[in-house]
Amino acid sequence: MLISVIVPVYNVEKYLRRCVESIMSQTYKEIEILLIDDGSTDDSGRICDDLAIKDRRIHVFHKENGGVSSARNLGIERACGDYICFVDSDDWIDIDYFESAMPILKEAHPTLLMNNYMKDDGDGHRFCKFPPSPTLYLGEEEAFYEMVNGSHLGWEPIASFYEAIGCKRIKFDSHIVFGEDLLFRFPELQ
């Protein structure tokens, strides 16, 4: 099962190598990494190209600056995987991130699999974004309530696996700069 990992990149030369190297070193190897350089004006574009030379699974796309939504949309268009996963370019993932999700993806074939994740406030303090809980299987209305209530689900497209077939039918609205994640996750709100 191929996982397409989409990384929107814009002026993140300080963090980019750590992010991409955390993806490259995954214990689960059936991945493609799509680095979408959204018109960076620092060295980010060159770093993307250098990383692609090191790993044939990396595909780099350079585009005019259009924002994170347009970068993610290009990644979705070019993705070839069975599932799509978004990683922000200033984040990194644990070495077994994909491998730990494989049993659920292979057995349950969910449309969307959401994970907890850790947030670092920059001062060395870490906290769990969503409280750890057992695996939740929610219907559409329950999922929407939980997301709005903030108890389990968030708006962010990161820390989730999207079934590619469904993901390719939905696009991020590049005209919206706040809440575009919510509309992507719950397109019926549009």
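Once rounded to the nearest 0.5 Å, the distance linking CZ of R46 with CG of D37 reads 12.0 Å. For the atom pair CD (E21) and CG (L51), the distance works out to 6.5 Å, reported to the nearest 0.5 Å. Put simply, CG on L34 and SG on C85 are 11.5 Å apart, with the number rounded to the nearest 0.5 Å. Summarising the geometry, atom OG belonging to S44 is positioned 5.5 Å from atom CG belonging to L16; distances are rounded to the nearest 0.5 Å. We find the CD-OH distance between E30 and Y83 to be 14.0 Å, quoted to the nearest 0.5 Å. Taking CD1 from I36 and NE2 from H59, the interatomic distance works out to 10.5 Å, rounded to the nearest 0.5 Å.
Listed here is the closest heavy atom pair of P8 and S89: O-OG, 3.1 Å. What you find for Q26 and I23 is that their closest heavy atoms are CG-O, 3.1 Å. The two residues A52 and V60 come nearest to each other via the heavy atoms CB-CG2, 3.8 Å. The minimum heavy-atom distance between H109 and K106, with the atom names listed, is NE2-O, 3.0 Å.
Heavy-atom contacts from other residues, nucleotides or ligands closer than 6.0 Å to NZ of K29 number more than 12. Within 6.0 Å of atom OH in Y15, 12 or fewer heavy atoms from other residues, nucleotides or ligands are found, so the atom counts as exposed in its surroundings. Surrounding CD1 of I165 are at most 12 heavy atoms belonging to other residues, nucleotides or ligands under 6.0 Å away.
When atom types are taken as modelled, the side chain of E32 and the backbone of I6 share no donor-acceptor pair closer than 3.5 angstrom. Proximity of a side-chain donor or acceptor of S4 to a complementary backbone N or O of I84 within less than 3.5 Å is not detected.
Residues V5 and I93 fail the side-chain proximity criterion, which asks for heavy atoms closer than 4.5 Å. The shortest side-chain heavy-atom distance between M1 and F98 does not fall under the 4.5 Å cut-off. At a threshold of 4.5 Å between non-hydrogen side-chain atoms, the residues W92 and R17 do not count as touching.
Taking 4.0 Å as the cut-off between side-chain N and carboxylate O, K54 and D50 do not count as a salt-bridged pair. Of the charged side-chain nitrogens involved, none lies within less than 4.0 Å of a carboxylate oxygen, so that R72 and D38 do not count as a salt-bridged pair.
Aromatic ring pairs are classed by plane angle as parallel below 30°, tilted from 30° to 60° and perpendicular above 60°; the pair F86 and Y162 is perpendicular.
I104 and I3 fall within a single hydrophobic cluster, where Ile, Leu, Val, Met, Phe, Trp and Tyr side chains are chained together by heavy-atom contacts under 4.5 Å.
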Practice prompt. Under the side-chain contact (heavy atoms from CB on, under 4.5 Å) rule, what do N65 and Y10 come out as? Steps first, then yes or no, please.
Written response: CA-CA 8 Å; N65 181 259; Y10 181 72; 3.3 Å; yes
Item to complete: Carefully, step by step, assess N11 and T41 under the rule side-chain hydrogen bond (donor to acceptor under 3.5 Å, both in side chains).
Response: CA-CA 6 Å; N11 291 350; T41 56; 3.2 Å; yes
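Looking at residues two or more places apart in sequence or on another chain, you find a salt bridge (Lys or Arg N to Asp or Glu O under 4.0 Å) between D55 and R57. Contacts of D96 classified as side chain to side chain donor-acceptor pair (under 3.5 Å), with partners at least two apart in sequence or in another chain: none. Residues meeting the side chain to side chain donor-acceptor pair (under 3.5 Å) test with T27, sequence neighbours left out: E99.
Screening I58, D43, V7, V9 against C48 for a side chain to side chain contact (heavy atoms under 4.5 Å, CB included) leaves a single residue, V9.
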